[in-house]
Structures are given as C-alpha cells and as structure tokens.
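So the structure is just underneath, and the comments pick up after that.
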Amino acid sequence: MSDIYDKVIELAKRRGFVWPSAEVYGAVAGFIDYGPLGAMMKRRIESIWRHYYVIREGYYEIECPTVGTESIYVASGHVKGFADKMCQCPHCNEYFRADHLAEACGIHNAGILSKEDLAKAVAPTRCPACDEVFGDVEVFDFNLMFQTTIGPGSQRRGYLRPETAQGMFTDFSRLSRFYRMKLPFGAVQIGKSYRNEISPRQGMIRLREFTQAEAEIFVNPSEKNHPNFSRYADYKVELWAIEQEQKDLPAVEKTMRQAVDEGIIANEYIAYYLALTHELLVTIGIDPARMRFRQHLPDERAHYAVDCWDAEVFSDRFGWVETVGIADRTDYDLRAHSKESGESMTVFVPFAEARKEKRMRIVADMGTLGPKYRGKAKKIADALAEAAPGPDGADVVVDGETYHIPGDLYTVREEEVEVRGVEVRPHVIEPSYGIDRMIYGVLEHAYDEEMVDGEERRVMHLAPCVAPVQVAVFPLVNKDGLDATAREIALDLQDEGILADYDDNGAIGRRYRRQDEIGTPFALTVDYETKEKGTVTLRDRDSMKQVRIPVADVHATLRSLVSGRTRFEDLKEA
RNA sequence: GCGAUAGUAGUCUAGUGGUAGGACAGUGGCUUCCCAAGCCACUAACUCGGGUUCGAAUCCCGGCUAUCGCACCA
C-alpha cells in the first residue's frame, strides 16, 4: 500500500462496486463482476451516454449478437489482422511475437511474411530472454478473438465479437432503409465485446470481456460538416495534436471552429464528437485537468483512417489511459463488407435538381462484331462503350490484348440523359467508448481522503447523476416516531423513482460517513422539527453543510439536484 | 506466458509444526442525539489441490489470483 489505485480497488471491492469474477472458484484475470453499486453506476453512465447519442444526436440503438459467423470477421479483417504470429523459445519456453524478432534483425515488413518464412528468419537469431540460438521453432497464430462453434458437429466457426461496431456495418442496408436513405444517419450499440488478451494485467483497464459504447455515423464523404456544429463551434478543448506530440510541446487550447479551420482536426464531425466527448466525460465526473485529447500519429493510425483522436484519462497508477477513440474511418468498413457480401452498401444521393448531361454513347454493331470476334465480342462491345474513339476507330484492351476496332463497326450517338443523383458509399465517423475504463476513471477521480476533526473521512465525490444511491434518509433518533416518518419519506422518494436508502443503524455520524464512502450525494434527516414545522435537513456530501427544506419539496428538490439543474449552494433555507 | 515476491474474517493484521488472536467494519440491543462517541452481545478467516508428518496457516510441489520486472497490449 499504496497508491490511489489500491485504495480505490479496495473500496470498490469492499463496498460492492467491482469484484473479481467468480472468486469462489478462483478468479481469472481479465474478467470482473460489477457489484450492486457498480452495476447501478454503470447503468447510469450508460444512460447518460444514451442521452447524448440516442436522444440528442438521434442515432438509434440497436442490439446484435455477441457471437458472429466467420465471414463477418473475415470481412472486417479481424481474422487476419487480429492474429499475432507468435513463437516459443524451445530453450526457455518464453513467448515472442515472431515478426518483432524478425524486425529486430533487420527484416523490414516482417508482418507480411508467412509463418514458414518467419520461422526461417527467426531460427538463426538468439532468444532475447535466454540468449540461446532459437533453431527450429514453430510459428503459430494467436488470434485475440475467442473462437467457438455454432451448432452441433462444429461445422461452422463462430467468434465472440471483438468490437460492437461490425453489427452496425452488417445491418447497414436495413439501417439505411430505416432512415429513409438520408445521409447522415447513425446507429449505436452498447454491449459486451471480447478479446482474449495474452496477459491482461491492469485490473479494470484491460479486460477480456468488456463493455463498449460505439456509434457509427454514416456521412456523405463530400459533406463532412456536422449539421449542428454550431452547438460546439465555440467549445474549447485542450488538444495534443501531432505537432505538439512530435515536438514534445504542451497541448494547445482551441475552439472547435479554430481547430477545424486551422486543419488540426480533419473535419467538423470529428471536432463535434471530440467536444461532445469532453462534455460527456466531465458530466460523469472525469476531472477536466486529468483528461486530454491526443491525436494519433500518422504511423499509429490505421492506414485507411483520415484522422483519429483518443480521449485519454489520467490515472495515478496507469498514466494516460486511452478511454475513447474518435476516428474517421472513411469507407473502409462498408467497402470491405460490400466486397465480402456482395451487397452494394451505398446510398443514392439525389442532386438538388436533376442534371441534364450530354453523354456520348457508343453502340457496337453486334451484327458485324459478333461473327468477327466471336467469344470476345461481348467484352469488346462493353469496352467500346467506355472507349474514347478517334477519327479512324477505337482501340480497346480486352484480356490484355489490344484490338483496333474500325469506325464502321459502331455508331456514336450523342444523348441527353437526366441524372438525378449518385450512388455514394458513406464514410464512417466512429466514436468508440470503453465503458469500463470510464468507470475506473470516474472512481479514481472521485476518490478522496480528507481530515475532519482529526479523523479521516473517505469520500467518493461522485457526480449526483452517476452516484448509485441518490439520497440517504435517516431518522435523527430511532424513537418518538421519527423512524416511521423517515421510512415514509424514503418510500415516497422510491415511488418517485429516486433511489433512496433508509438507514437507522447506530449513530448518525456513522451513517453519514457510510454514505460518503459510496458517493451518495445527499442525505435527508428527520428530526424533532420535522413534526413541528414540516421540514427536514438536507445534507450535502461534499461540503457537509445542511439546509432545512419542507418535506413537501423533497421530491422536486432532489430531482433537480440529481439532474444537476440545481446546485446545493443555491438552495434556500426554509 | 517467464522470473521474483505475496496470499489469515468484509478490511488491516498477530501467529516458525500441536485445534487461529486482535483492531476496525458489520449485525442485534441499551444509551446519546446532526458528522465513524460509549456499553453489552453476536457473526465472521488460514487462496485451492496434492505431498511430507501422529499432527500443516506454518515445510515441499503444483494451480489460481495479486504486485513488480520481462514479453504482450487491434
């Protein structure tokens, strides 16, 4: 003992936020259970996320299976790309990435070598661990996806999804009809994803089963301006862009308008979700001073991505933790699924006004062309339609051979056609949130120890909107009917949908402290004045101050406090 | 996964081969009554599996988990 991590995890375990999963049988690294308070807090964070993405942005939530067939992940590239080629030293049994070993001895692009070639490349090198020459080693694939089989007889291979995103892509055509073919549109998913990490060692930060909240926003590639950009145009965020990162400079503060105009952020969509993410993280209780937006360096971002930013949250134990990724993935995913599935995955975008376009149409004289070229005739005719004929005929290339087609074998017509629009393959803007990491960040940033009258007070400064228990209700003493009144108030609050925890055990000070430790933001106490004047005391967790409010106002006041519309400091004494 | 270290009530900890003790927390009661007060009572643990031994929390081996280092981290 101990840094904040130890203290936060100790409290989280003891009070029922997060537990090692299935501890009775021996926990397995990378799996956690959310206890009663943790699960409640997680739901609250998820519903705040929904408020932003589903209600405010209008991107409906869908829910897809966590088991997917092989073709999904062949298309997405996870079957190939998510597999590391590994080998084991025959002398010391240490595991290594085979491509890393090969690159260390001067082979470039070792990542594209076959298993056999990698084994050859590694054989003469020395093991970094035991310094023996490797000799004969077997290079094998280690895929980070959990594999399973679907149905009996294990004919059909399935994978647990490594991200929720693919569901939005495979449902693209139906989504596009749902949104009546109007770009932009988006869909979101909150759910479990799975990655069989080789050795997850960072508690809640690297899990084998984790919760993601992802939005896939499909936009017209030529219109990357967000329709509601004005909402965040003046929103200021500290940006640690490529330039600052490479030169080791501090982050710069910019409005989103500036950042887009200066070309720091690729487009309004990315900037919009970056600002929205900032607002969301602050709302759930991430300390703005311990948060930054870091731009991916060109060599670290996926080859197809135009721009990518991570929201990173600072942890006392882990340093900067990548918590949210916001990327412009272009049309990569839809193109990949279109190719694998044969679906077009495009959206017809009509022009404001249908355009009349003049087109040259080249029509082959099949009566002559057919007998002359026989089997090739169809292909030649198709090529002709695309060709640019000269005065003495047209040259077309079919199957690698050039054919000269004299002018009398086709006619050129000029036609006027009406073009109403184009088929567009949308680009994808993807904000992707790691819910578990957000929860850890919230817990760590909320944790505090302070001295009160020479005694340590442990308190979780959870935002009222994410605190699992929203209000505690106490009788000052357990007699003279105060307890019955307090019980009634608690019941009323519960009827109103407010999570109120009634407690009459022991001394009142102890009850306050118990609630402080789980981050309950407010406590109501029924005392002798309640009977006489119809008021109760409302105590604020952070300041430990109290105001008296009328019993009749309890619901409305708490609702307003919990939603953040009112601050405790602004309450008036009854 | 490799190596080192560790694992005793919910938490912290005492216990070097002879049937586990404390503190805090928790529960019930008394009392006091607005910030972990006091008194009484109670609940509750040797990480798991093998081995050595008449006897193992204690010694040995292995698993699991945690911490640190190495490796891994779309």
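Chain A is the first sequence line, chain B the second, and so forth, proteins listed ahead of strands; every chain is numbered from 1.
No salt bridge links A:Glu444 with A:Arg317; every basic N to acidic carboxylate O contact stays at or beyond 4.0 Å. Using a 4.0 Å cut-off between charged nitrogen and carboxylate oxygen, A:Asp328 and A:Arg301 do not count as a salt-bridge pair. With salt bridges taken as basic N to acidic carboxylate O contacts below 4.0 Å, one links A:Asp516 and A:Arg539.
For the P atoms, the distance linking B:G22 with B:A14 amounts to 15 Å, nearest Å. The separation of B:A45 from B:G21, taken at their C1' atoms, amounts to 12 Å, rounded to a whole angstrom. B:G18 and B:C2: their P atoms are spaced 34 Å apart (whole Å). Rounded to the nearest Å, the gap between the C1' atom of B:C60 and that of B:U67 is 24 Å. For the P atoms, the distance from B:U16 to B:C59 is 10 Å, rounded to whole Å. Using atom P as the reference point in both B:G7 and B:U11, the two lie 15 Å apart (nearest Å). Between B:C54 and B:A41, the distance separating the two C1' atoms is 39 Å to the nearest Å. Rounded to a whole angstrom, the distance from the C1' atom of B:U65 to that of B:A56 is 22 Å.
If you measure from atom CG of A:Asp6 to atom P of B:U11, you get 14 Å, rounded to the nearest angstrom. When the P atom of B:U67 is taken as reference, atom CZ of A:Phe318 falls 7 Å away, rounded to whole Å. In this structure, A:Asn505 atom CG and B:C34 atom P are separated by 18 Å, rounded to whole Å. For A:Arg511 and B:C35, the CZ to P distance is 12 Å, given to the nearest whole Å. Distance A:Leu144 CG to B:A71 P: 18 Å, rounded to the nearest Å.
When heavy atoms are screened at a 4.0 angstrom cut-off, A:Lys545 is found touching no nucleic acid atom at all. Nucleic acid contact class of A:Arg457 (heavy atoms, under 4.0 Å, all strands): none. Within the 4.0 angstrom heavy-atom criterion, no nucleotide atom of any strand lies near A:Glu23. A:Tyr73 comes within contact range of no nucleotide atom at all, as no heavy-atom separation falls under 4.0 Å. If you check every strand for non-hydrogen atoms under 4.0 Å, A:Arg206 touches a base. If you check every strand for non-hydrogen atoms under 4.0 Å, A:Arg317 touches sugar and phosphate atoms only. Across all strands, A:Ile508 comes closer than 4.0 Å only to sugar-phosphate atoms, never to a base (heavy-atom distances). Residue-level contact check: A:Asp527 touches the bases, meaning some heavy atom is under 4.0 Å from a base atom.
You'll find that the side chain of A:Ala27 is closest to B:U65, out of B:U11, B:C35, B:U65. Distance from the side chain of A:Ala507 is smallest to B:A37 among B:A36, B:U32, B:A37. Closest contact between the side chain of A:Arg514 and the listed nucleotides B:G26, B:C35, B:U65 involves B:G26.
Looking only at distances, a side-chain donor or acceptor of A:His445 sits under 3.5 Å from a matching main-chain atom of A:Phe314.
The base-pairing partner of B:A74, taking Watson-Crick or G-U wobble contacts with both distances under 3.5 Å, does not exist among the strands shown. Within the shown strands, nothing qualifies as a pairing partner of B:A45 under the Watson-Crick or G-U definition with both distances less than 3.5 Å. Nucleotide B:G55 forms no Watson-Crick or G-U wobble pair with any nucleotide shown, as no partner meets the under 3.5 Å limit on both distances. Checking B:U19 for Watson-Crick or G-U wobble geometry (two distances, each under 3.5 Å) identifies no partner in any strand. Pair assignment for B:G3: B:C68, on the basis of Watson-Crick or G-U wobble contacts that are both within less than 3.5 Å. Pairing for B:A14 is absent, with no Watson-Crick or G-U wobble pair whose two atom distances lie under 3.5 Å.
The side-chain heavy atoms of A:Tyr73 and A:Met145, taken from C-beta on, include a pair separated by under 4.5 Å. Residues A:Trp320 and A:Asp310 are not in side-chain contact: their nearest non-hydrogen atoms beyond the backbone lie 4.5 Å or more apart.
A donor-acceptor contact under 3.5 Å links the side chain of A:Arg195 to the base of B:A74. Residue side chain A:Tyr25 does not reach the base of B:C64 through any donor-acceptor N/O pair under 3.5 Å, judged by distance alone.
At least one side-chain nitrogen or oxygen of A:Lys479 sits closer than 4.0 Å to the OP1 or OP2 atom of B:U32. Phosphate contact (OP1/OP2 of B:A37, side-chain N/O of A:Arg510, threshold under 4.0 Å): present. Remark: A:Tyr528 is not in phosphate contact with B:C34, judged by side-chain N or O atoms under 4.0 Å from OP1 or OP2.
Paired with A:Lys7 under the rule salt bridge (Lys or Arg N to Asp or Glu O under 4.0 Å), one option of A:Glu449, A:Glu456, A:Glu517 passes, and it is A:Glu449.
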